[in-house]
Amino acid sequence: MSRIASIHSFRGGTGKSNVSANISAQAAIAGKRVAVVDTDIQSPGIHVLCGFGQDIPGNTLNDYLYGQCAIVDAAHDVTEQVGITGGGGGQMFLVPSSMKAGDIAKVLRQGYDVEVLNDGFRDLIQGLDLDLLVIDTHPGLNEETLLSITISDVLLLLMRPDKQDYQGTAVTIDVARRLEVPDLVVLLNKVPEGVPLDGLIQQVSETYDADVLGALPLSDEVASNASGSLFSLTRPDHPWSQTVISVAHRVMG
């Protein structure tokens, strides 16, 4: 049975796309057929982590939203491109958003029908026979975000340990509980060196009465990777990667 996971943050800059891509890759390594959809249409970026430049070949999510292709025709098989090898049988697909200025301006000017996006998620699961659909959301709370939260089996909220993220995450958690998300979990990211991780995890868990899956350190090694590859694939033994792998297995259910 397929699962839908939304990876969300109240503010930008939390590393949401990086975590989304690495979780998707780890699910594929575990033998799952997984697709990640970049619904941050106003400021897309996950395609870079999957080896694409600014000019993405073929169709994008924008083409689907405006009726120019089926959503399965906007899905790119990136399994080998991101470096997933071995005989596990899993596959990773990416539905990227366009980086063309005209396409982004069109979305900002005209918007799009979120019901079309909802239908696309269902068609993608069926068309690609997915085990897991990962939705890389647009930060904040808007119509698209509420849609993805509503249809998700698991909502992973990514936050940094600062006051703005604490407040924004509290609002998001309240909304998610009102929408009765089956599985709501939190992941801390970019935790500064010297902060006791266990104490921070306990504090956040008690603050939100939520399951905190871990804390990703603010790592110079991850930062120096500079979106050049999926860090959990190139450095699987690194503490950052080990936490992401653990989170991926929770997301897979």
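Computed from heavy atoms alone, side chains included, the values below leave out hydrogens, waters and symmetry copies.
Counting heavy-atom neighbours within 6.0 Å of Q110 CD, excluding the residue itself, gives a total above 12. Summarising the local packing, CD of Q164 is surrounded by 12 or fewer heavy atoms from other residues, nucleotides or ligands at distances under 6.0 Å. Within 6.0 Å of atom CD in Q42, more than 12 heavy atoms from other residues, nucleotides or ligands are found, so the atom counts as buried in its surroundings. For Q242, the CD atom is densely surrounded, since the number of other residues' heavy atoms within 6.0 Å is greater than 12.
In this structure, K190 does not pair ionically with D162, as no charged nitrogen and carboxylate oxygen lie closer than 4.0 Å.
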Under the side chain to side chain contact (heavy atoms under 4.5 Å, CB included) criterion, do L128 and F93 qualify, and how do the steps go?
-> CA-CA 9 Å; L128 296 178; F93 300 90; 3.9 Å; yes
How far apart are the C-alpha atoms of V36 and I46, what are their side-chain angles, what is the distance that settles it, and do they pass the side chain to side chain contact (heavy atoms under 4.5 Å, CB included) test?
-> CA-CA 9 Å; V36 56; I46 201 169; 3.6 Å; yes
L108/I104 under side chain to side chain contact (heavy atoms under 4.5 Å, CB included): CA gap, chis, key distance, verdict = CA-CA 6 Å; L108 294 173; I104 295 174; 4.1 Å; yes
Kindly indicate, with the supporting measurements, whether the criterion side chain to side chain contact (heavy atoms under 4.5 Å, CB included) is fulfilled by I173 and D209.
-> CA-CA 10 Å; I173 287 176; D209 190 23; over 6 Å; no
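Nearest approach of P161 to P192, heavy atoms of both residues: CG-CD, 3.9 Å. When all heavy atoms of N62 and S98 are compared, the closest pair comes out as OD1-N, 2.7 Å. Residues T79 and G90 share a closest heavy-atom pair of CG2-O, 4.0 Å. Of all the heavy atoms in I71 and Y64, the pair that sits closest is N-CD1, 3.4 Å. Of all non-hydrogen atoms in L124 and A35, the two that sit nearest each other are CD2-CB, 4.2 Å. Taking both residues in full, the closest heavy atoms of Y66 and V107 are given as OH-CA, 3.6 Å, listed atom of the first, atom of the second, then distance.
Between K16 and P139 the shortest side-chain heavy-atom distance falls below 4.5 Å. With a 4.5 Å cut-off on side-chain heavy atoms, M92 and I84 count as touching. Looking at heavy atoms from C-beta onward, D211 lies in side-chain contact with R250 at the 4.5 angstrom threshold. Using a 4.5 Å heavy-atom cutoff, the side chains of L147 and I151 are in contact. Inter-residue side-chain proximity for T39 and T145 is flagged as unmet; no heavy-atom pair is nearer than 4.5 Å. Looking at heavy atoms from C-beta onward, L188 lies out of side-chain contact with L216 at the 4.5 angstrom threshold. In this structure, Y166 and Q203 have side chains that are in contact, with non-hydrogen atoms separated by less than 4.5 Å. Side-chain contact between L184 and L157 is present, with at least one heavy-atom pair separated by less than 4.5 Å.
The CG atom of L155 sits 5.0 Å away from the CD1 atom of I149 when rounded to the nearest 0.5 Å. To the nearest 0.5 angstrom, F10 atom CZ is 8.5 Å from T169 atom OG1. Here the CG atom belonging to L230 is positioned 10.5 Å from the CD atom belonging to Q81, to the nearest 0.5 angstrom. Remark: H76 NE2 to N59 CG distance equals 6.5 Å, nearest 0.5 Å. Interatomic distance, L94 CG to D136 CG, rounded to the nearest 0.5 Å: 9.5 Å. Put simply, CG on D63 and CD1 on I56 are 10.0 Å apart, with the number rounded to the nearest 0.5 Å.
Under 3.5 Å, the side chains of Q26 and S232 contain a donor-acceptor pair of N or O atoms. A donor and an acceptor atom, one from each side chain of D77 and Q91, are located under 3.5 Å apart. Between the side chains of S9 and T14, at least one donor-acceptor pair of N or O atoms lies under 3.5 Å.
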Result block: side-chain N/O donor-acceptor pairs under 3.5 angstrom for residues 1-8, not counting sequence neighbours:
| from | atom 1 | to | atom 2 | distance (Å) |
| --- | --- | --- | --- | --- |
| R3 | NE | V251 | O | 2.9 |
| R3 | NE | M252 | O | 3.4 |
| R3 | NH2 | V251 | O | 3.2 |
| S6 | OG | S148 | O | 3.3 |
| S6 | OG | S152 | OG | 2.7 |
| H8 | ND1 | T137 | OG1 | 2.6 |
| H8 | NE2 | G140 | O | 2.9 |

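For the pair S219 (side chain) and E221 (backbone), a donor-acceptor distance under 3.5 Å is present. Put simply, the side chain of S24 gets close to the backbone of S20: a donor and an acceptor are under 3.5 Å apart. A donor-acceptor pair under 3.5 Å is formed between the side chain of D165 and the backbone N or O of R160. Checked by atom type and distance alone, the side chain of N22 pairs as donor or acceptor with a backbone atom of N18 at under 3.5 Å.
Neither Y208 nor L156 shares a network with the other; the hydrophobic side chains, linked directly or stepwise wherever heavy atoms of I, L, V, M, F, W or Y lie under 4.5 Å apart, form separate groups for each. Clustering ILVMFWY residues whenever any of their side-chain heavy atoms sit less than 4.5 angstrom apart, transitively, puts V82 in the very cluster that holds F52. By the rule that hydrophobic residues join a cluster once side-chain heavy atoms approach within less than 4.5 Å of another member, L218 and V186 end up as members of separate clusters. Residues V154 and I125 do not share a hydrophobic cluster, clusters being chains of Ile/Leu/Val/Met/Phe/Trp/Tyr side chains in contact below 4.5 Å. Under the 4.5 Å side-chain heavy-atom criterion for Ile, Leu, Val, Met, Phe, Trp and Tyr, V72 and V95 are members of the same hydrophobic cluster.
Within the structure, salt bridge (charged side-chain N to carboxylate O under 4.0 Å, His left out) pairs that include any residue of residues 93-119 comprise D119-R122 (at least two apart or interchain). The salt bridge (charged side-chain N to carboxylate O under 4.0 Å, His left out) analysis of residues 28-38, with sequence neighbours excluded, yields no pairs.
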